[in-house]
Amino acid sequence: MENVILVIHLILALSLIGAVLMQRSEGGMGSMGGGGGGGGSAGSRAPATVMGKFTWIIAGAFIATSIALTIVAAQQSAGASVVDRLGDVPVAEDGVATPDLGESLLPPSSDDAPLVPSGN
């Protein structure tokens, strides 16, 4: 289930990027404040275009899949805690937790000869 939502989420992210890049530019920073020579009165907005509505729909779906992924991840980790895993580590006499590393950290060898490459 999580993989399906994730694939949909990625498709929506790419679609949202494409939809934003395909929209018409409205002048950028020059039209903000008092510097722009726009044809309308101050505070007027252009009517909503089909591309603008499409972008809002994709953005809403993107947010919905983000929330869905958060809920799925929270449900999967609800029974597990990092603190619960700490109880499995044995504690030494001085009270410090030491993980079980076995007898040696070196890999086992066939004999006790030093690990030196042969000249053959």
Side-chain angles (χ1 to χ4, degrees):
M1 181 70 179
E2 184 179 6
N3 289 336
V4 173
I5 297 173
L6 185 61
V7 168
I8 294 170
H9 186 73
L10 293 175
I11 291 171
L12 286 172
L14 294 175
S15 300
L16 186 61
I17 291 169
V20 168
L21 290 176
M22 288 181 5
Q23 288 183 6
R24 184 176 66 91
S25 174
E26 296 183 4
M29 293 297 288
S31 65
M32 289 185 180
S41 64
S44 66
R45 293 182 58 184
T49 61
V50 174
M51 198 65 192
K53 291 178 183 178
F54 179 68
T55 304
W56 277 103
I57 291 169
I58 292 177
F62 180 81
I63 292 171
T65 56
S66 297
I67 293 171
L69 282 171
T70 303
I71 292 170
V72 168
Q75 287 177 350
Q76 287 181 354
S77 66
S81 174
V82 176
V83 177
D84 293 339
R85 287 187 234 154
L86 290 177
D88 297 338
V89 178
V91 178
E93 292 85 27
D94 57 355
V96 177
T98 56
D100 184 21
L101 299 176
E103 294 179 13
S104 174
L105 294 177
L106 297 175
S109 61
S110 60
D111 56 349
D112 290 329
L115 299 173
V116 179
S118 63
N120 299 3

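Every value quoted in this text rests on a predicted model; they were computed, and no experiment measured them.
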* Establish whether Leu21 and Met51 are linked, either directly or via other cluster members, by ILVMFWY side-chain heavy-atom contacts under 4.5 Å. => no

Please list every donor-acceptor pair under 3.5 Å in which a side-chain atom of residues 56-74 meets a protein atom from a residue at least two apart or in another chain.
| residue | atom | partner | partner atom | Å |
| --- | --- | --- | --- | --- |
| Thr65 | OG1 | His9 | ND1 | 2.7 |
| Thr65 | OG1 | Ala61 | O | 3.3 |
| Thr65 | OG1 | Phe62 | O | 2.9 |
| Ser66 | OG | Phe62 | O | 2.9 |
| Thr70 | OG1 | Ser66 | O | 2.9 |

* To do: Can you run down the side chain to side chain donor-acceptor pair (under 3.5 Å) pairs that involve residues 10-23, sequence neighbours left out, and say none if there aren't any?
  => Gln23-Thr55

* Taking the hydrophobic residues Ile, Leu, Val, Met, Phe, Trp and Tyr, and joining any pair whose side-chain heavy atoms are under 4.5 Å apart, which ones share a cluster with Leu14? -> none

* Working to the nearest 0.5 Å, report the span between CG of Leu6 and CD1 of Ile11. => 10.0 Å

